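Below you'll find the structure, written out as structure tokens, and then a few comments.
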Amino acid sequence: MNLLLLEQNDIVEPADGDVPGRAIIRGRRLKHVQDVHKAAVGDTLRMGVLEGEMGTATIIRLEADVLELEYTLGIQPPEPLNITVLLAMPRPKMLKRTFQTLAAMGVKRIVLMNTYRVEKSYWQTPWLKPEAIREQLILGLEQARDTVMPEVILEKRFKPFVEDRLPAMSEGMRKLVAHPITDIECPRQVAEPVVLAIGPEGGFIPYEVERLVEYGFECVHLGQRILRVETAVPVLLSRLGC
Ligand code: SAH
């Protein structure tokens, strides 16, 4: 946790210009401040308000079950990564980590989509509940020092998604599908907005690649090594992003 992220219900008095705000924290974040930061009254912490600015908090009270802070804002969160990620629904363990990675790397729109080689049971995982998704995304934001929550869209049917919603979502964007079977290398540092499709563990089937290509996607590879999805995601994002 490199950023203490405050939610509206933590805030007792909002900061107003030069007048500091006040907040009270309990639970996981309190425990982290106690056990990892080993902080004491008077110490300062980097903080941010969810969907708002970032700044500095000073600890004014620290007890076993309560942390009270005074904070000032004024720092903007980092620029988002202009990449929309279309990710074939991964297995639950990988899903959790991937949410954190996507949020930490600055992706602001994540589409989890079904593909032929996604196991049906993956869609039943409790990690897809809105609170569970939110929790993982917050961990990613805290890690990276960002305050802006990514949007997550679930698309449980490939064909209607690609045909009906993807064209509008990807309009004017560079459309790429990470696919090992192509001669085209993945481009680097693409300045324009990108929509990037990443397949499941078993890869996309030819039909899916054909549909994506029909809707303007280019297949790109990362070299001959086949990477796990959780590795391919940060490799692709850092290669494309700028
Ligand atoms: N056996 C599958 C590999 C799937 S790896 C196949 O041959 O397609 C899971 C996903 O990670 C892939 O669908 C792709 O989107 C991405 N990926 C992994 N390694 C890659 C590479 N070397 N080039 C491009 N994409 C890759």
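Since the model is a prediction, treat every value here as computed from it, not as a measurement. Both counts, for ligands and for their atoms, begin at 1 and track the order of listing. FYI, the numbering just counts along the sequence from 1. No hydrogens, no waters, no symmetry mates; every other heavy atom, side chains included, goes into these values.
- When all heavy atoms are compared, the tightest approach of Pro187 to Val220 is CD-CG1, 3.9 Å.
- Counting heavy atoms of neighbouring residues, nucleotides and ligands inside a 6.0 Å radius, atom CG of Asn9 exceeds 12 of them.
- Side-chain contact, Gln143 with Gln100: no donor N or O sits under 3.5 Å from an acceptor N or O.
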Between ligand 1 and the protein, find all N/O pairs closer than 3.5 Å and give the distance for each.
| from | atom 1 | to | atom 2 | distance (Å) |
| --- | --- | --- | --- | --- |
| ligand 1 | 13 (O) | Gly199 | N | 3.4 |
| ligand 1 | 15 (O) | Ala178 | O | 2.6 |
| ligand 1 | 15 (O) | Gly199 | N | 2.9 |
| ligand 1 | 19 (N) | Leu227 | N | 2.9 |
| ligand 1 | 22 (N) | Gly223 | O | 3.0 |
| ligand 1 | 22 (N) | Arg225 | O | 2.7 |
| ligand 1 | 23 (N) | Leu222 | N | 3.0 |

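- Other residues, nucleotides and ligands contribute over 12 non-hydrogen atoms within 6.0 Å of the CZ atom of Arg28.
- Around CD of Glu171, the count of heavy atoms belonging to other residues, nucleotides or ligands within 6.0 Å does not exceed 12.
- Side-chain contact between Met169 and Phe161 is present, with heavy atoms from C-beta onward closer than 4.5 Å.
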